[in-house]
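All values below were derived from every heavy atom in this structure, side-chain atoms included, with hydrogens, water molecules and symmetry-related copies excluded. Note that this is a predicted model, so its numbers are computed, not measured.
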Amino acid sequence: MTSESAADGPVRTAASALKTFWNFILRSFSHSLQVRIVVLTIVLTSVAIFGVGTYMSQQIARGLFDTRLDSLSSQTRSILAELRSLAPVDGQAVTQDTLSSQLSSIYNRSAGSVYSLTLQPKDPNSSFSTITAGGSNEDGEATQVPVSDELREAIRKAPTDDKLYQSVSLPDGTGPGLLITQELQIPGAGQFQLYYLGDLSEQQDTLNFVQRSMFVAALVLVVLVGAVAWIVTRLVVTPVRTGAEVARLIADGDLDERMPVHGNDEIAVLGESFNDMADTLQHQIEQMERLSVLQRQFVSDVSHELRTPLTTIRAAADLIYDSRDDLDPVTARSAELLNSQAERFDNLLSDLLEISRYDAGAAALVPKPVDIGAIVTSVIETVSMVAEQMDTAIVVHAPSSPVMAEVDRVRITRIVRNLVVNAIEHGENNPVDVYVASNAEAVAVSVRDHGVGMNEEQVEHVFDRFWRADPARKRTLGGSGLGLAISLEDAHLHNGWLQVWGKLGEGSCFRLTIPRRPDQEITSSPLPLPPRDAQIRGSALVAGPLSSDGSVRIQTGSIPIVVETEPEMLEDDNESVAEAAPQSSSPETTTTSFEAVSDDGAAADELDSAAADGSETGTAETGPRSTDVGDPDLDGDGMDDGEGGRS
């Protein structure tokens, strides 16, 4: 192992720890209002303190500098006056030694406030040399005055009496200094340039102390502000969290939960308003539950009470119907109408009794191993006469081998019969395709018609009790209006899905997906929905539970709408998809291969293509879970009862 590889381990560990810590901070910042407020308060306070502290530090530094400048300027004036007062003594001219002695005397008297004094002759040919007092280095040699090029240029241009100054660093690097210079005339000696270098170390120490004090005060202030913000936000956030938890418990069904109320402030008023709202909701929900129980009890009681007189009426109607050949034409026709409506009344009553069993939770499943393909074939044979009367061809696409599953044969037969009869009635005399397929966990039956289709609103309500897509459309095959509702409950009883896709002008497709065993969960369907032959453009609209593939959810009306994004698709306003499925799972795309057996070879090939397709836009549940279905009227009398639409 190389040294680089050995060093990579701790580096990766440190990077992973930093990433985890950063993700924790981001998660806390985005999920906690209290953390977000405290962090923002600390950041804003820090910015404000930094701005104020910077301004104050600059002002203090400027004040210290100006004070020191005034002091050094006053000393410079005294030195200039003293040097100018020098005069020849006893007729002797001022010498180099005299100036040096005088400058040293001035420096010694100003010890502590001046770093060095320098006299430099203006005339390069002068007999005097540069004289320096103070500012010697470790070797005892005088240091050179730190005169910048800018200062030299300013001296050259400045008038004779102008005083110039510049901030510099002391030659020995011990701290900042202030260099003051001015030209002067010494009698008997000529023109000189005086350089007065003052020491600002004391002022710098004062400024550093002030800045340190301000920094410590700022840290303490930020911590105190953060603590205050934490306490204040906690006083506000804690009731909000409590309210959110109480609201969650109420949403889960615990209607007796309430927010604790303390005091008379705004939070207390909010808690009281929340509790009042919860009381109102609880009262309304309990009232609706009572009404729902009474309604279900009424339907159950009426259904049972009508069973006995209906049996007598059916017996009398059958007797009259059997003797219709001995009656006159008008009476015979009345006998036929009486028998037909009595039979329809009996079917409606059976559906009401079935719905009552679902509402009471008394519906029981009797699963047995059954060939789903055989059930489909039996249903097709049963409704073949109806299909012939409607001039509708039914094409079955099914694998050659049995499609086995443990199901309640009676309920699955009822579901398939309801779907096929609905397809025949709304197929506009176009062929109806019935697909059967399976995978490792589920079996599926799809019934595809090419009739009028459904819009988005109709898809959302197609499984509602007594709901009709078009009330003005006549119903040619009778029915109670509960067929799809009962089919939905039968599918849920099997822990399966009953889903529907519809588009105006392209027909509809109902897909039943049930697990191979009732106690098995299903996550995908062997058949695609929307069907393979559907003209899908844009995003398919899905109504129902949350999708598990990152779909975008938008709220429209009474149910959430999920937009399944597909790059190759374009928007189509008339398209909608809905499903009735358990909310604990959502179907996914699957691929299934099987041999298709149908009434014609072309349809079989189409089934192979459809089953092998892996694309599915998704589905969702629509319609109430506590709905029912009944056996459709298959008497084929073609009578118009004045009602229409899917049921």
Side-chain angles (χ1 to χ4, degrees), residues 296 299-300 303 347-376 378-379 382-383 403-423 434 436 438 442-447 462-467 479-500 509-522 525 527 529 544 578-585 587 619 621-634 646-647:
R296 290 195 297 268
V299 172
S300 178
S303 301
N347 290 334
L348 176 59
L349 192 59
S350 298
D351 290 346
L352 290 175
L353 289 173
E354 183 68 16
I355 215 85
S356 299
R357 282 192 289 271
Y358 275 115
D359 290 341
L365 196 66
V366 186
K368 293 182 179 179
V370 177
D371 180 10
I372 303 300
I375 292 179
V376 172
S378 175
V379 170
T382 303
V383 301
V403 180
M404 303 300 296
E406 294 184 17
V407 299
D408 190 322
R409 184 185 185 94
V410 174
R411 297 183 186 278
I412 297 300
T413 301
R414 177 164 57 196
I415 296 174
V416 175
R417 185 167 62 243
N418 278 326
L419 299 183
V420 172
V421 170
N422 269 293
V434 181
V436 181
S438 64
V443 298
V445 177
S446 288
V447 180
V462 70
F463 293 102
D464 293 354
R465 300 181 185 184
F466 301 107
W467 183 86
S480 62
L482 296 171
L484 290 178
I486 294 179
S487 297
L488 174 63
E489 293 298 335
D490 284 337
H492 287 163
L493 195 62
H494 284 83
N495 198 22
W497 305 332
L498 182 57
Q499 304 158 304
V500 59
C509 182
F510 286 82
R511 181 178 68 179
L512 170 67
T513 307
I514 53 176
R516 289 185 176 271
R517 295 183 302 276
D519 58 347
Q520 183 179 4
E521 292 288 339
I522 55 177
S525 178
L527 293 174
L529 191 73
E579 68 174 340
Q583 294 191 5
S584 60
S585 61
T619 49
E621 181 171 359
T622 184
R625 291 295 302 269
S626 59
T627 53
D628 317 89
V629 231
D631 299 335
D633 188 329
L634 303 180
R646 295 182 184 270
S647 62

Locate the shortest heavy-atom distance separating Leu512 from Ala491; write the atom from each residue and the value.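 Answer, listing the atom of Leu512 first, then Ala491: CD1-CB, 3.9 Å.
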
Minimal non-hydrogen separation, Thr513 against Ser525, with atom names: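 So the minimum-distance heavy-atom pair works out to OG1-OG, 2.9 Å.
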
Nearest 0.5 Å, please: how far is [atom2] in [Y] from [atom1] in [X]?
X: Ile415; Y: Leu484; atom1: CD1; atom2: CG; answer: 10.5 Å
X: Leu419; Y: Leu498; atom1: CG; atom2: CG; answer: 6.0 Å
X: Arg511; Y: Gln499; atom1: CZ; atom2: CD; answer: 4.0 Å
X: Leu488; Y: Leu493; atom1: CG; atom2: CG; answer: 11.0 Å

Taking only residues two or more places apart in sequence or in another chain, which ones pass salt bridge (Lys or Arg N to Asp or Glu O under 4.0 Å) with Asp371?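 Counting only residues at least two positions away or on another chain, Asp371 forms no salt bridge (Lys or Arg N to Asp or Glu O under 4.0 Å).
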
Arg516 side chain to Met404 backbone, donor-acceptor under 3.5 Å: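 Side chain of Arg516 to backbone of Met404, a donor-acceptor pair under 3.5 Å: yes, one is there.
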
Say whether, by atom type as modelled, one donor and one acceptor occur between the side chain of Ser378 and the main chain of Ala374 under 3.5 angstrom. no

Set of side-chain hydrogen bond (donor to acceptor under 3.5 Å, both in side chains) partners for Arg409, sequence neighbours left out: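 None.
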
Tell me every residue that passes side-chain hydrogen bond (donor to acceptor under 3.5 Å, both in side chains) with Ser446, counting only those two or more places apart in sequence or in another chain. none

Derivation and outcome, side chain to side chain contact (heavy atoms under 4.5 Å, CB included), residues Val445 and Val376: CA-CA 8 Å; Val445 177; Val376 172; 4.2 Å; yes

Mind running side chain to side chain contact (heavy atoms under 4.5 Å, CB included) on Asn495 and Gln520 for me, showing each step along the way? CA-CA 8 Å; Asn495 198 22; Gln520 183 179 4; over 6 Å; no

With respect to Ile412, which candidate in Val370, Val379, Ile514, Val443 satisfies the side-chain contact (heavy atoms from CB on, under 4.5 Å) definition? Ile514

Does the side chain of Pro515 reach to within under 4.5 Å of the side chain of Ile522, using non-hydrogen atoms? yes

Contact check, side chains of Asn418 and Phe510, non-hydrogen atoms, under 4.5 Å: no

